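In what follows, a single structure is set out as structure tokens and then discussed.
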Amino acid sequence: MKKTNSLLLIMVPLMLILFVSSLDQTIVATALPSIAKSLAQPQYVAWTTTAYLLTSSVTTLLFGRLGDQQGRKIVLQVSLVIFLLGSALAGLAPTMLFLIVMRAFQGIGGGGLTALVQATVGDLVPARERGAYQALLGIVPSLAVIAGPFLGGFIAQTVSWRWIFYINVPVGVLAFVLLGTLLHLPKVRKVGQVDFLGGFLATLFTTSLLLMTTWGGNTVAWTSPLIIGLIVLAVLSMLGFIFVERRRKQAILPLGLFKKSVFAISSLQFALASFVLFVLMLFTPMYLQTVRGFSASRAGLVIIPMMLGLVVGSAVTGPIITKTGKYKIYPIIGSFLMGISSLFLGMLTVRTSLLELIALLVLSGIGQGLMIQVALLAGQNAAPYQDLGAATGALNFFKSLGGAFAAAIMGTLLNDGMKHLTAVAAFGRLYSWLVPLMLVSFVLAVLMKELPLSDAMISVLKEEVDVPEY
């Protein structure tokens, strides 16, 4: 009983950390118009999300392994300090460029928090006893996903958008103190390398590719020296990444996993589902505020039904797959639901009712839940047990990249549309671009081979064994 109470007490700072790191991915959405107005550079405002997702996607992979080698507690505390310092400096940002840089810095810490909280629980609780504690942790991201859009709008409207970053500081400081006082882990360190070079090359490749696709043909001509330089940098960093990863025993992204078509398709579908999620989460509140005159908090409320649809779609699908062992149909349905929703969202007019908009968002949210759940499970199932941790990290990496590309590329498309179209038409065109992406996802889902759930995967789903760390 005493041990149980002690574990529950330790869960408090871990849940606080998971809440602020999960909240940070959604709370910014409804505050974007306020940030753009305050810092007077609306064409770059989507990069406040992109920068965070880019750095956090890589450090999620790096810090997990760093925790193995240096001790999980110290790496978790360092990640938290980086995250809180980035949060405070983002709130103080005098310019858009400063804010984007600080969000990238904040993401370095945020990726570490995401990677280490679950692993820390794994250190504290045996696999067979972990169900209740994982259930507690599982509630936290769902609450953050649902509450984030409203909180972001409410804070931006009633106080200042800067407080969506400041709010992390007192919560994080409390968690830091509780961690230092309550968390005591055995000093077990594993021998191995942390693939910092692979992480740097992955960041360099994705950043140069993003800048090329967002600037090319918009800010500067495709034939300009800047774009050509970015293309060369993207190609060289990609080749360098492949060269490094093929020779690493503990690669940040084991390339052998992609030899299996199921894993490759699952990774792409994870990215596509995340792309749709972030487009709707970031730009629908902007549409409601700029076109319909909604307050920031009211715009945030409209997004919550979509988040609920996502949570329900994911929560319902998981147990059914565990029981039946069948999963192929769900990404097919999910792609169809998101495609239909995007098609009708692309037909937005000034006469589209709020109820119609919410219904389409819920439809898309359910589809996202089906896709995300199965992409993760199918990808994990395609990997050997000893590579399961690496597979999980790789899938989450593609999920973050999907969000990063959505924010940057679609933000650029929206800015371009605003110059030549009415605001409603510009947002409609934005949503229409999701339709061909979901058509690709649908075809991939149909073509994907359904593998029987492996014995190892069934044991993991039943929480009988641990997922190997990455």
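Just so you know, these numbers come straight off a predicted model, no measurement behind them.
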inquiry  = Using only atom types and a distance under 3.5 Å, with no angle test, would you say the side chain of T181 pairs donor to acceptor with the backbone of L178?
reply    = no
inquiry  = Could you measure the distance from the CG atom of L268 to the OG atom of S441? Nearest 0.5 Å is fine.
reply    = 7.5 Å
query = Does the side chain of I164 reach to within under 4.5 Å of the side chain of L151, using non-hydrogen atoms?
reply = no
ask   = In Å and rounded to the nearest 0.5 Å, what is the CZ to CG distance from F165 to L89?
value = 11.5 Å
message = Taking the side chain as everything from C-beta on, heavy atoms only, tell me whether F405 gets closer than 4.5 Å to L53.
response = no
query = Would the number of heavy atoms belonging to other residues, nucleotides or ligands and lying under 6.0 Å from CZ of F200 be above 12?
reply = no
request  = Identify the two heavy atoms, one from L401 and one from S57, that lie closest to each other, and give their separation to 0.1 Å.
outcome  = CD2-OG, 4.2 Å
query = Has the side chain of T50 got a donor or acceptor atom that lies under 3.5 Å from a matching backbone atom of A408?
reply = yes
query = With a cut-off of 6.0 Å (strictly less than), are more than 12 heavy atoms of other residues, nucleotides or ligands near CD1 of I108?
reply = yes
request  = Flag the pair L272 / M338 as yes when at least one side-chain heavy-atom distance between them is below 4.5 Å, and no otherwise.
outcome  = no
query = From L233 CG over to L209 CG, what is the distance, rounded to the nearest 0.5 angstrom?
reply = 10.5 Å
task = Any side-chain hydrogen bond (donor to acceptor under 3.5 Å, both in side chains) involving residues 303-317? Give me the pairs, sequence neighbours left out, ordered by first then second residue.
result = S314-Q373
ask   = Could you walk me through whether T60 and F397 pass the side-chain contact (heavy atoms from CB on, under 4.5 Å) check?
value = CA-CA 8 Å; T60 296; F397 175 74; over 6 Å; no
task = May I ask you to decide if T55's main-chain N or O and T59's side chain share a donor-acceptor pair within less than 3.5 Å?
result = yes
ask   = Looking at L92 and R162, what are the two nearest heavy atoms and their distance?
value = C-NH1, 3.4 Å
ask   = Taking only residues two or more places apart in sequence or in another chain, which ones pass side chain to side chain donor-acceptor pair (under 3.5 Å) with S56?
value = none
remark   = Residue pairs passing the side-chain hydrogen bond (donor to acceptor under 3.5 Å, both in side chains) test with at least one member in residues 197-210, sequence neighbours excluded, are none
ask   = What heavy-atom pair brings S267 and L395 nearest, and what distance separates the two atoms?
value = OG-CD2, 3.6 Å
inquiry  = The test is side-chain contact (heavy atoms from CB on, under 4.5 Å); show your working for L201 and E245 and say whether it passes.
reply    = CA-CA 10 Å; L201 290 170; E245 296 305 281; over 6 Å; no
message = If I take atom CG from residue L377 and atom CD1 from residue I372, how far apart are they, to the nearest 0.5 angstrom?
response = 13.5 Å
Enumerate donor-acceptor pairs with a distance under 3.5 Å from any side-chain N or O in residues 274-296 to protein atoms, sequence neighbours excluded.
residue	atom	partner	partner atom	Å
S274	OG	K399	O	2.6
S274	OG	G403	N	3.2
T284	OG1	L280	O	2.8
T284	OG1	Y431	OH	2.8
Y287	OH	R292	NE	3.0
Y287	OH	R292	NH2	3.4
Q289	NE2	T30	O	3.1
Q289	NE2	P285	O	3.3
T290	OG1	M286	O	2.6
R292	NH1	T352	O	3.2
R292	NH2	T352	O	2.1
S295	OG	Q157	OE1	3.3
S295	OG	S297	OG	3.4
S295	OG	R298	N	3.2

ask   = Are any non-hydrogen side-chain atoms of L113 and L76 less than 4.5 angstrom apart?
value = yes
query = Please walk me through it: do M96 and Q43 pass side-chain contact (heavy atoms from CB on, under 4.5 Å)?
reply = CA-CA 10 Å; M96 186 68 76; Q43 68 272 32; over 6 Å; no
message = Within the structure provided, determine whether L143 and L23 are in side-chain contact (heavy-atom separation under 4.5 Å).
response = no
inquiry  = Strictly distance-based, threshold 3.5 Å: is any side-chain N or O of R103 a donor or acceptor partner for the main-chain N or O of A51?
reply    = no
message = Once ring pair (Phe, Tyr, Trp, His ring centres under 6.0 Å) is applied, what residue pairs with a partner in residues 35-59 remain, sequence neighbours excluded?
response = none
note = One should read off an interatomic distance between W161 CH2 and I35 CD1, to the nearest 0.5 angstrom, of 5.5 Å
Closest non-hydrogen atom pair, V169 against L84 = CA-CD2, 4.0 Å
request  = Would you please indicate if the ring centroids of F398 and F258 are separated by under 6.0 Å?
outcome  = yes
task = Measure the CD1-CZ distance between I304 and F150 for me, rounded to the nearest 0.5 Å.
result = 7.0 Å
ask   = Can you name the closest pair of heavy atoms from N168 and Q106 and give their distance?
value = ND2-NE2, 3.6 Å
message = What I'd like to find out is whether the side chain of V140 reaches to under 4.5 Å of the side chain of L14, using heavy atoms alone.
response = no
ask   = Can you list the residues that meet the side-chain contact (heavy atoms from CB on, under 4.5 Å) rule with L239, with sequence neighbours excluded?
value = V235
request  = Check whether NZ of the Lys or CZ of the Arg R247 lies under 6.0 Å from the centre of the six-membered ring of F243 and within 45 degrees of that ring's axis.
outcome  = yes
task = Could you tell me whether the side chain of M15 reaches within less than 4.5 Å of the side chain of L18, counting heavy atoms only?
result = no
key: Derivation of the side-chain contact (heavy atoms from CB on, under 4.5 Å) call for I146 and L308   = CA-CA 7 Å; I146 293 168; L308 285 171; 3.3 Å; yes
ask   = Side chain of S364, backbone of L361: donor and acceptor closer than 3.5 Å?
value = no
Side-chain heavy-atom pair F241, L204 within 4.5 angstrom cut-off = no
inquiry  = Please find the pair of heavy atoms, one from L99 and one from A90, that lie closest to each other, and give the distance.
reply    = CD1-O, 3.4 Å
